[in-house]
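Below, chains carry the letters A, B, ... as their sequence lines are ordered, and counting in each starts from 1.
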Amino acid sequence: MKFSALTLLRQALSGNTGWPEQWRSPEPKASYDAVIVGAGGHGLATAYYMAKEHGMRNIAVVEKGWLGGGNTGRNTTIIRSNYLWEESQGLYEHALKLWEGLSQELNYNVMYSPRGVMMLAHNTHDVQVFKRHVHANRLQGIDNEWLTPEQAKDFCPLLNISKDIRYPIVGAALQRRGGTARHDAVAWGYARGASAMGVDIIQNCEVTGIDRDPSGAVSGLQTSRGPIRTKRVGVVAAGHTSVVMGMAGVRMPLESYPLQALVSEPVKPAMSCVVMSNTIHAYMSQSDKGEMVIGAGTDAYTSYSQTGGLHISSHTLDAICELFPPVRRLRMLRNWGGIVDVTPDRSPIIGKTPVPGLFVNCGWGTGGFKATPGSGNVFAHTVATGEPHPINAGFTLDRFRTGRLIDEAAAAAVAH
Amino acid sequence: MLLIRCPVCEMDRPELEFRYGGEAHVARPLDPSSVSDQDWAEYLYFRSNPRGVHAERWRHTSGCGRFFNAIRHTVTDRILATYKAGEPKPDLATLTGETGR
Ligand SMILES: Cc1cc2nc3c(=O)[nH]c(=O)nc-3n(C[C@H](O)[C@H](O)[C@H](O)COP(=O)(O)OP(=O)(O)OC[C@H]3O[C@@H](n4cnc5c(N)ncnc54)[C@H](O)[C@@H]3O)c2cc1C
Ligand SMILES: [Zn+2]
């Protein structure tokens, strides 16, 4: 069914009783041309572009829980492309361009809202780092501009730019094309589009083993719903990547950490942009429901607990209350955690592995939602053709051996 | 927040007194120039990152200042044992058996 004003009207008149299911829930077949492990946004986008751009229709996405129930459905949905290194700029800007047309492409409202992402500077180091980013971005034609504290307050009136706070705001970098999108809708839109082209999306199907033939190449998967034969597997399992890759005997340069977010009670529109402070670990925007959406930091230690320490979120609230004084009077409604897979250079790994037929897309850590369409697009190319797309050519697993890191960690010099 | 027993101070103290130090028992190659690039990458970057029992380093920064090791289950975050740096890793089978996990 195509969504349009007319279908909406027709459904409204018939009491919304005629909406069909948006994707099929098939039984797994005995074999597929390729299987994607993990139905988060990245896995579903991968399958969508494999079907759409590479004509692969006999493929499946297998998911141990429910579709979009991992980090895709747990993140604070900040989208931006103002990274430092050219490789990253290429990748994140590719994604940003796809976001701009995604609702039309999928005929599904992903609510992409380019409301501007403002990153606060609190000390000389931040100023130097952000200005370097601004210049590096503008050289590549990516929008990013430097604001004084007064200009920052004009853009976000809730901000406290007093010089008498613990970490005063001394400037900000603003990417106006940055913003947010509706996370669930991204997963649902890609699932619906992929399913319509024949992709099987199989939920409640946990991968428990990766089979290999005598030459060492992938020959199939063991799952909680039985074995599946396939010669091509793309692992897109975020925080559980080390576990899944371990099934093929591949060790990864990853560590998994809990990352938390929380939302306040809903209030009337008070904030029309996204504000981030990497230095004091505070991220905030307002959802369309009116909740203040707040991102916190990671725990200090690796964990798969899917919760985080309370002191981590209360530390973030300290910063939020100082930066946005009116928020002090809000009650927090819910908090939760997701498990993020972090690489040593804070850049993703998208490409081949030492095992023939096994591909991996991981290491998005605390910031991969923004890349969802671009990541799926280039990984689809990689799995379908067996070779990376020029945009992800640098994001190899092998870069940790050669030393050609894409060091966004050092570029930001703080967790982000 | 974790409650961690420092094996040097022999006291249970809150996590905030400690600094996490990553996976334990990752030995620096004695002669770095003789190891292959792959082995050096393994030492620097590759980690076991298990969903289960993990041996890890902690440092009691706001206490005795010493590094020590802990065995923690990464799903429950429960610490099964702590021991001084240099001591061998405790037998995981007995530890996990004892706690019924
Ligand atoms: C609190 C929080 C806030 C964040 N904020 C932002 C932000 O503001 N902006 C941003 O860009 N990014 C943000 N991120 C990061 C972002 O959420 C992730 O990088 C991104 O969503 C990863 O998408 P994915 O599809 O790779 O992973 P997921 O959505 O986690 O999908 C992986 C899927 O694999 C499945 N899986 C795992 N093991 C198996 C198995 N054995 N068999 C079958 N399936 C399996 C999982 O169940 C899961 O559904 C945040 C993350 C968190 C946790
Ligand atoms: Zn001590």
Q: Closest heavy-atom contact between A:Ser303 and B:Thr74?
A: OG-O, 3.2 Å
Q: Select one option (side chain, backbone, both, neither) describing which atoms of B:Leu16 are under 4.5 Å from chain A's heavy atoms.
A: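 Only the side chain of B:Leu16 comes within 4.5 Å of chain A.
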Q: Which answer fits B:Asp37, side chain, backbone, both or neither, if we ask what part of it has an atom under 4.5 Å from a heavy atom of chain A?
A: both
Q: According to the interplanar angle, ranging from 0 to 90°, do the rings of A:Phe400 and B:Phe46 count as parallel (below 30°), tilted (30 to 60°) or perpendicular (above 60°)?
A: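 Aromatic pair A:Phe400/B:Phe46 classed perpendicular.
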Q: For a quick test of reading the model, state the closest non-hydrogen atom pair linking A:Ser242 to B:Asn49 and the distance between them.
A: OG-ND2, 2.8 Å
Q: Can you name the nearest heavy-atom pair linking B:Leu2 to A:Tyr301, along with the distance?
A: CD1-CE2, 3.6 Å
Q: Is B:Ser36 close to chain A through its backbone or its side chain, or both, or neither, when contacts mean heavy atoms under 4.5 Å?
A: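 Looking at B:Ser36, nothing touches chain A.
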Q: Quick check: closest heavy atoms across A:Leu254 and B:Arg47, and the distance to 0.1 Å?
A: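 Closest heavy-atom pair between A:Leu254 and B:Arg47: O-CB, 4.0 Å.
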Q: Take atom CD of A:Glu86 as the centre, draw a 6.0 Å sphere, and report whether it contains more than 12 heavy atoms from other residues, nucleotides or ligands.
A: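 No, CD of A:Glu86 has 12 or fewer neighbouring heavy atoms, counting only those of other groups under 6.0 Å.
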Q: Quick one: what part of B:Arg72 sits under 4.5 Å from any heavy atom of chain A, side chain, backbone, both or neither?
A: side chain
Q: Quick check for you: among B:Gly21, B:Gly52, B:Pro50, which has the greatest number of heavy-atom pairs under 4.5 Å with chain A?
A: B:Pro50
Q: Quick check: closest heavy atoms across B:Tyr20 and A:Thr302, and the distance to 0.1 Å?
A: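 Between these two residues, the closest heavy atoms are OH-OG1, 3.6 Å.
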Q: Counting heavy-atom pairs under 4.5 Å to chain A, which of B:Glu42, B:Glu56, B:Glu15 comes out on top?
A: B:Glu15
